[in-house]
Amino acid sequence: MQSFLELAAKSIFESHNKNDLQNLQVILPSRRAVFFFKKALSELSESPFFAPKIESIDDFILRTADFTTLDNVDLYFEIYGILSKIDPSQSFEKFMSWVPTLLKDFENIDFSLVENPHLLFKYMSEADALSRWELDNDYVFTPNAQSYFSFFDRISEVYEKLNEKLLKDKKCYRGMVYRKVAENPDWLISNEIKKYYFVGLNALSKSEEKIIETLEKANMSECIWDTDDFYMNSQNKAGKKLRGYKKSGKFGKWNFQNNHLKNSEKKVRIFELNNDSLQSKLIYNLAQEARNQRHVIVVLDENQFLPLLLNIPALQLPFNISIGLPISSSHFSEVLRLLIGCYQNHEHNDDLKIHNSVLSKISDNQIFKSLIINEISLDKFELLHTKIRASKKLFYDYNWFINQGLSCDLLQNFFRKGSALDCIESLEFILGKFFDIQGSDFSDIEYVFANVLKNKLNLIKEKLRLGIALNLKSFSALIEDLLKNERVPFEGDSDTPLQIMSMLETRCLDFECVTILSFNEGNLPSTKKTNSFFPFDACKIFGLPLYSDQDAIMAYHFFRLMQRAQTLNFLYLNGASEALGNKEKSRFIRQVEEELCIYNPKIKVSYPSINIKHSENNKSGSDIIVKKESLLQITDFLVNKGLSASSINDYLSCSLRFYWKYILKIKNEDELKSQIGTDVFGTIVHKVLENLDKPYLDSKNPIDKEVLQNQKNEVENQLSLIKNEHKSFDFDSGMNLILISVVKKIIEKYFHKRESEFVGNFKILGIEKELTSIQAISNVELKLKGVIDKIELHPFGLRIIDYKTGKVELKDLHLDKENDLAETLLNSEKSKLRQLIIYYFLIFSNKTIMEKDFGLKIILEDLQLVIYSFRNLGADISFNKNMFTHNEIIEAVNLLLTKIVSELLTTETCFVQTQDKNQCKYCDFINVCQRN
Ligand code: SF4
């Protein structure tokens, strides 16, 4: 079946002499439709010809008016400039909270050609409210209500002054330029263009209607609609606007009303699913099945893109995504937020320090990390990481980096104090470094985002240089708005058989197979309301778009997309899972079941039971699988970064988590917290103990019972010092107050335990001791590493200590002599035991160096490996290594490493989700996996 755009192109092409085509103008709803129309037109002639002017309606209007559209940043400053003269008390931060809504309303007022906008603002005033609500004239509104009414008086003035100013400068916002073109018919008539074709439009704004009517009256236009008897000859909402246009006759003769929905055969499959994961699996099968067809997957919720993108590459099909992504999707946005956050923190603080959680976010940010490596080298970056980890400091100043010989201009920007303009300069410095890196691995989309950001910052900088005052708080509010609301069009190869799009992007396009995801009531039609200052009655009276119009527009897009499709897959979630809440299938699916199928018996609806065929690599039945395209990244990780007890635990618990966390290095996005979390809690405990022990490590003085008593008495003081360092947390109230008192209690309890088990003086030989060992396994030089919390020298030998702020029980270290130790080490539930055994292995591998360092002989048989679990200090938790010989332990670790490394270094295995959902409970990726 020919697509609508092919038919429209053919109709125009055949209605004119080839030489006259260049005197035509074709106007389509979107640039994507322009692309496909041009393609269809080019295929109609074997010989070259001068094509008509073909543009999207936005491009056509802008060119006709010869106005420049202003960026939202420009508009915000223009509006604020006007408003602050009318109301100097208005702060920029407060202004930023409502100006995006105001701008949307200004757009709608102009698109809808509201005759006298001041009447609309007056309608919202106090006097009008009194009469509308039939209140007595002496009724007194509350101060809040009065300030609400006076807001509209000011806005009325702002609207007028903004229009005057923009008009004078030949600048505009979108709605304004449509109004100007509609109100100036002579701008439309050009000597070059003999006829204007409007193709595939629907739900025209009043200004668009007026523009077309003007041309129609001059006998210069023709509209080609894409409509169907089903909704044109019934009361179906999809045809609401179009029936009106046809009846009025104001747009000339009615073109292209077909009856595909009545006559064509269609296979409609409705899949009821009880969770999102099943949906991801099903897409894989449906896309495989439609691989030889033009297939569109319509995504109704942009949050679904990430899980979808993780699955689609496994299809090995070329695909294209058409969606506008907010700038916040860029990795750069995190750098932006962190930098502004640091500037804001330093604003009222003279000690320019940053918290370790901020520092790790900075150095883990994919883009920023590459920039630092480029500046200081990979080795230095690794060293920096190691030092940060070993230091266990909570706050860092820039001198610390200088003292470590690791100064870095990029990082220094986070330790600056200054104005919004200084902050922009820091951001520009970082962006500059990004653009300077040649041949980097950054994706194209990151360059697009970076360019957009660069332009926005330039704009803001220009405004600041003109003397506009913007403090850091206001600057942050402005950037937040840009990150959230500015969208960057994301487009790849436009003509691949598989397209992934939003519903709006499907305008004018036709596909043989259509798959709609999460086709639930609320998603389509959407229940998301566009914010407006005007209530329903004001919109109705003044002809502004109504919320109900949105339903009709979406109904049209849906039924139009059905017209030429042969196979339609509707996937909806039934809400059986508690987390999904009460879900219902979309009313549009019901219309297909209850109306369309009766109207056209050739439409066969089925409700297939779901039989998921796993891909070849998905024998595990996992929802998300990641095939190993290349082993380079994994080898690099094993050799340079190395395996540790934690990464091995992650791998054995869920290989997908391991992949995301260690190979892709994706970190959980934490906000700067005011309340200390488990990470900070653990760090404080470690830090207090370190500070108390450090003098005894340095002096090598023995520790006796009195020292332990003194250390216990010193806990309170140490906590005060740490509280002083962590000024960003309020430790004097709320949960932090409770947590800090828990820290004090558990550390005192720890010293109490140490006193009670005291058998003789001991020395501290190491704190946070990092050990590494290189093992040749499967042709790679595997790095195995570990950081031991504390090493003590007792009369009986060395005690290796691991602190755990969580609860560890005796059973966690329980061993059965009957069971093979190597098998036990592969058990994901034996993480604590595995950690101690890996420490044993590392000490064995580093024995000679350690003996030299400590100046003593290490007897491995005497080694004591213990865990102090601060939530279970009553228990003596240690590894009973005497159950096994030294060789058995070393062999078991070797087998464990060999198994993991060989599994990692083969493309025959994939990274898959764990089947044990208990592992997901506290996983950072729980939302991506939709296991919550
Ligand atoms: S949520 Fe579960 S399946 Fe997903 S990565 Fe985490 S542990 Fe693995």
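Both counts, for ligands and for their atoms, begin at 1 and track the order of listing.
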Hey, is there an N, O or S on Cys920 sitting under 2.8 Å from atom 8 (Fe) of ligand 1? no
Close-contact set for ligand 1 against [X] heavy atoms, below 4.0 Å:
{"X": "Arg657", "value": "5 (S), 7 (S)"}
{"X": "Cys654", "value": "3 (S), 5 (S), 7 (S), 8 (Fe)"}
{"X": "Gln913", "value": "3 (S)"}

Look at the N, O or S atoms of Cys923, main chain and side chain alike, and state whether any lies under 2.8 Å from atom 2 (Fe) of ligand 1. no
Residues, nucleotides or ligands: over 12 heavy atoms within 6.0 Å of Lys585 NZ: yes
Do Phe658 and Phe637 make the cut of ring centroids closer than 6.0 angstrom? yes
Show every salt bridge (Lys or Arg N to Asp or Glu O under 4.0 Å) that has at least one partner inside residues 830-842, sequence neighbours left out. none
So that I can tick it off, tell me whether Glu768 and Lys790 are bridged by a salt bridge, with the cut-off set at under 4.0 angstrom between side-chain N and carboxylate O. no
N-O pairing of Lys661 and Asp924 below 4.0 Å: no
